[in-house]
Protein chains: 2
Amino acid sequence: MSNMGYPGHMELHEPDLRDVPVTAVLAALADDVRLQIVRTLAEGGEHACGTFEFGVSKATRSHHLKVLREAGVTRTRIAGTSRYVRLRREELDRLYPGLLDAVLAAPDRVA
Amino acid sequence: MSNMGYPGHMELHEPDLRDVPVTAVLAALADDVRLQIVRTLAEGGEHACGTFEFGVSKATRSHHLKVLREAGVTRTRIAGTSRYVRLRREELDRLYPGLLDAVLAAPDRVA
DNA sequence: GAGGTTGTTCGACGGATGTCGAACATGGGT
DNA sequence: ACCCATGTTCGACATCCGTCGAACAACCTC
């Protein structure tokens with residue numbers, strides 16, 4: 001009956017970008033699957049996790065999204081059973097000006 | 001006596017940058033020791049391998065320089081028993097405009 | 001509430017990666 | 001010729017990383 005804090009939803013770990021070493025951001029981007037995800041997110045707006053179909057299992061997809069989130073690259077909003085992911089573009093651009101643009105502009109060469 | 005190709009010096013493997021996937025460049029930069037090396041090289045000019053003193057053994061240092069070279073980040077000139085390394089800055093800037101600048105401008109946070 | 005949807009977590013496994021010391025290769029000096 | 005200086009290469013080792021299926025958790029709908 002009494003107010004018992006929040007319902008289910010454990011907080012997602014989304015670090016302050018200043019606490020993330022550059023090498024961690026670079027490492028997060030240095031993977032084909034994750035780079036595909038970031039390219040998709042760069043189109044703007046939110047994307048449901050399930051919409052990323054890159055030939056990996058959902059467990060692997062979940063793993064990659066976690067890596068991106070914990071590297072400060074993405075932010076996740078929980079809504080029902082779905083999670084909506086978006087790029088932390090402004091923050092990234094402010095802290096690492098030009099980085100994301102340069103990576104996104106790079107040729108795709110993944111076939 | 002006849003001309004028998006070149007003397008000792010086996011060719012160093014220095015790939016065409018267009019053959020290197022972005023993820024490989026990012027991976028090469030996503031390491032503290034290697035990033036230190038790149039920062040030093042960014043000061044310009046050539047640096048002898050031995051001048052990199054970052055608390056790792058010479059075997060490890062050699063390994064990191066190889067990773068950077070094979071990712072197309074550096075170029076190496078052999079002179080006697082020494083090797084002189086330099087950044088492939090113009091090429092990198094042409095193919096990935098802004099990438100190197102962004103990474104180098106990032107806060108150092110390695111203590 | 002039973003069942004379906006969406007996504008995470010938990011081992012497990014194989015392959016890559018960072019690290020080292022020791023051995024090797026090469027070239028310069030005396 | 002010998003030795004030393006500079007680097008590379010070779011196992012070896014520990015750790016990390018990407019991948020998966022299976023189990024679990026939360027939520028929505030009927």
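Values below: all heavy atoms of this structure, side chains included; hydrogens, waters and symmetry mates excluded. Every chain is numbered from 1, with letters handed out A, B, ... down the list of sequences.
- No continuous path of ILVMFWY side-chain contacts below 4.5 Å connects B/Leu35 to B/Val67, so the two sit in separate hydrophobic clusters.
- When distances run from any side-chain atom of A/Ser82 to the nucleotides C/dT6, D/dT6, D/dG18, the shortest one goes to C/dT6.
- The phosphate of D/dA26 has neither OP1 nor OP2 within less than 4.0 Å of any side-chain N or O from A/Arg83.
- For B/His64, counting side-chain heavy atoms from C-beta on, the closest listed nucleotide (D/dG7, C/dT19, D/dT9) is C/dT19.
- Taking atom CD1 on B/Ile78 and atom P on C/dG28, their separation rounds to 12 Å, with Å as the unit.
- Side-chain proximity of A/Asp31 to D/dT9, C/dC20, D/dG18: nearest is D/dG18.
- What separates CZ of A/Phe54 from C1' of D/dG18 is a distance of 16 Å, to the nearest Å.
- Atom CG in A/Leu68 sits about 10 Å away from atom P in D/dG18, given to the nearest Å.
- Here the P atom of nucleotide C/dG18 and the CD1 atom of B/Ile37 are 11 Å apart, to the nearest Å.
- Straight-line distance from the NZ atom of B/Lys66 to the P atom of C/dG18: 13 Å, rounded to whole Å.
- Of all the heavy atoms in A/Ala30 and B/Leu26, the pair that sits closest is CB-CB, 3.7 Å.
- Contact between the side-chain N/O atoms of A/Arg34 and the OP1/OP2 oxygens of D/dG18 is found at a separation under 4.0 Å.
- Distance, B/Glu70 CD to C/dT17 P: 11 Å, rounded to whole Å.
- Taking the side chain of A/Thr60 as heavy atoms from C-beta on, and the options C/dG27, D/dT9, D/dC20, the nearest nucleotide is D/dC20.
- Residues B/Lys66 and B/Thr74 fail the side-chain proximity criterion, which asks for heavy atoms closer than 4.5 Å.
- Distance from the side chain of B/Lys58 is smallest for D/dT8 among the nucleotides D/dC27, D/dT8, D/dG18.
- Atom-to-atom, CG of B/Leu65 to P of D/dG7 comes out at 9 Å; the value is rounded to the nearest Å.
- With D/dG7, D/dG18, D/dT19 as the candidates, the nucleotide lying closest to the side chain of B/Cys49 is D/dG7.
- Listed candidates were C/dT9, D/dT19, D/dG18. Nearest to the side chain of A/Val56 is D/dT19.
- Between B/Glu14 and B/Arg69, none of the side-chain N atoms (NZ, or NE/NH1/NH2) sits under 4.0 Å from a carboxylate O, so this pair counts as no salt bridge.
- For A/Thr81, the side-chain atoms get nearest to C/dT5 when compared with the rest of C/dT5, C/dC20, C/dG18.
- Distance check, rounded to the nearest 0.5 Å: CG of A/Leu68 to CZ of A/Arg88 gives 11.5 Å.
- Rounded to whole Å, the distance from NE2 on A/His63 to C1' on C/dC13 is 14 Å.
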